Amino acid sequence: MTATDQSQGGDAGGDAGGPGGGPGDGLEEIPPEPAGFLRRHVFSTDHKVIGRQFLFLGLSFLAVGGVMAMLIRWQLARPGVPVPVVGGLLFGRAGGLISPAAYTALFTMHGTIMIFFAVTPILIGGFGNFCLPLLIGARDMAFPRLNLASFWTMAAATAVLTASFFVPLGPPQAGWTAYATLSTAIGAPGVGQTLWVVAIYLNGASSVMGAVNYITTVIRLRAPGMTYLRMPLTVWGFFLTSILNALFVPVLAAAMVLLFFDRVFGTQFFVAGTTVGAGGDPILYQHLFWLFGHPEVYILIIPAWGIVSDLLSFFARKPAFGYRVTVAALVGVVILSTVVYGHHMFTTGMSPLLGESFMVLTMIISVPTSLLFLNWLGTLWRGASRMTTPMLFCLGLVFTFGVGGLTGLYLADVVADMYLHDTYFVVGHFHLIMAAALLLASFAAIYFWFPKMFGRMMSEALGKWHFWPTFVSLNVVFMGQLLIGYAGMQRRLYDPSVYEFLRPLLPLNRFISRAAYVLGASQLIFVVNFFWSLFRGQKAPKNPWAVGTLEWTVASPPPHHNFDRIPVVVRGPHELGHPAARALGKDWLGQDEGPVRPSADNATDGSTDGSPPDGSTEGAA
């Protein structure tokens, strides 16, 4: 099926405002459901099945990356002490001790897995695939077969990465950024680092396939009436992040190709001339990596911002404050993210004038992100908040993102960064943004869309027991890292206690590690809740959260074709607390609900709120 195979409601054009159809009657031919187990559940082209596959893949690697984090924290808290329980199994040759080589491999693979193989599949692959067609009123992605190829390319990437654990000389040890010359054959002999390069390339190929699909789907397959300013902010998040993926993942792919050539064919793109008499430049790798790497921060966080912007509105029971400003801020972040990567390289000896330019641009990008934050507060202000589990995780993101964003201003300053660069202050800032905020957004999305994905409700009680220890311990861990980083502790140290000036930080490191163990143990509550609810949870109604976006107009879980009749959208996604809804005995209006006029019994003194009679809006501003 191609982008033109899927009829979305009639002839091109029309007054309904949709991209590819007038209102029509919505009774297009429904595609048949595939037959056979493999076609339905393994090699499916159904976006919902592929979304679930990405979700389970990402959650599996999230667990692996989380175990690695616990091992890293053990080494920092108890250097020279064997790891209990699993030490003999994982590090038998070293008597249960984490060796320097094993420690280096742990933080290399922890960063790689969490960024490329956990958060990316969960948020972008999982919820992007599952939600995007449903949110815009489409029956599937624009290119279902490309969608299938995207998942299995990601699966191949995970297989290659996993294989790197079982080769001579072990897994890669060059850090998740794989800086040259450390990641070339000179600094990292053995097959492990080469397999890492191949895995990242395949991961990028999967991301580009998904990006092309998402962009085309949003532009071409929106339901009639679904104008850009009627799209949920979640859709804006996936749409904009796909643009960044399409533009900048090929830059990372180029770096991986050149690094692969250096490792396998003996070229010298990233090997300095003073080393082998060639004309290569290790700094070139850093330029290529961070030209992708800083947009990657926003590639991951923008979908989280979109999801949280919608969920805060839904559970505050009021329209999203400043909808158009939020959209403009997201677009502004996308544009500015392309010109700020140099702040990662202040210590490489770049021109002071160039460094000053990157400093100013990095500080400017805090303006649209501040607007997002203020709009979230505006949405919450005087709302009738329902403190459900998804809402709690969204509020947790608002807090952690605020703290993490403020710490980024110090790293944007050239002078401050000279001291803080490569300390645990950077680790704390990075984790508050990329770990805490993304983890909280992922959990919010899981608790919110689980009923639609699997047709069952997750336990609210277990969800809240999961949230509170997660939120508290998570902030203790990463704010503690800010403190030890400000005190001068460098990242990637195998045993900080060998440095006399860092020995006073050992008690704080142990306290941070204890908080990390609480964080890890808290996720067991989620595991129990997830799998118990998957098989034994309460059956989910069609619309358990009482919100108006299109995915909640179909059954839970949705049928193969999503919609029996393609919906016609008449209003924005956040029509909550609208006077017109009172005539229907509720506080929300669906995006596809026809014109509703308040009855005389529900009107108060004949006053209105200035909305059109049918309550329609282009976007809840």
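Here the structure is a predicted model, which means the values were calculated and not measured.
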* **Phe443/Phe393 aromatic ring centres below 6.0 Å** => yes

* **Pair Asn375-Thr326, side-chain hydrogen bond (donor to acceptor under 3.5 Å, both in side chains): steps then yes or no** => CA-CA 7 Å; Asn375 281 354; Thr326 298; 2.8 Å; yes

* Asked: With distance as the sole criterion, is a donor-acceptor pair present between the side chains of Asp140 and Asn562 under 3.5 Å?
  -> no

* Asked: If you measure only the distance, is there a donor-acceptor pair under 3.5 Å linking the side chains of His429 and Gln481?
  -> no

* Heavy-atom side-chain contact between Val64 and Met114 under 4.5 Å -> no

* Does one side chain, of Trp376 or Ser309, offer a donor that lies under 3.5 Å from an acceptor on the other? -> yes

* Do Phe401 and Trp305 have ring centroids that are under 6.0 Å from one another? -> yes

* Residue pair Leu392 / Met387, side-chain heavy-atom distance below 4.5 Å -> yes

* To do: Indicate the ring-plane relationship of Tyr214 and Phe238, choosing parallel, tilted or perpendicular according to the 30° and 60° boundaries.
  => perpendicular

* Tyr410, OH: over 12 other non-hydrogen atoms inside 6.0 angstrom -> no

* Asked: Looking at Asp310, Leu311, Leu312, which one forms a side-chain contact (heavy atoms from CB on, under 4.5 Å) with Val308?
  -> Leu312

* Aromatic ring proximity Phe471/Phe399, centre distance under 6.0 Å -> yes

* Asked: Is there a donor in the side chain of Gln591 and an acceptor in the side chain of Thr549, or the other way round, less than 3.5 Å apart?
  -> no

* **Exceeds 12 heavy-atom contacts within 6.0 angstrom, atom OH of Tyr486** => no

* To do: Compute the ring centroids of Phe450 and Phe530, then answer whether they are less than 6.0 Å apart.
  => yes

* Asked: Just by distance, with hydrogens left out, do Asn245 and Ser207 show a side-chain donor and acceptor under 3.5 Å apart?
  -> no

* Asked: Just wondering, are more than 12 heavy atoms of other shown residues or ligands nearer than 6.0 Å to CZ in Phe56?
  -> yes

* Just wondering, are more than 12 heavy atoms of other shown residues or ligands nearer than 6.0 Å to CD in Glu460? -> yes

* Tell me whether the centres of the aromatic rings in Phe315 and Trp545 are closer together than 6.0 Å. => yes

* Carboxylate-amine/guanidinium contact Glu551 Lys48, below 4.0 Å -> no

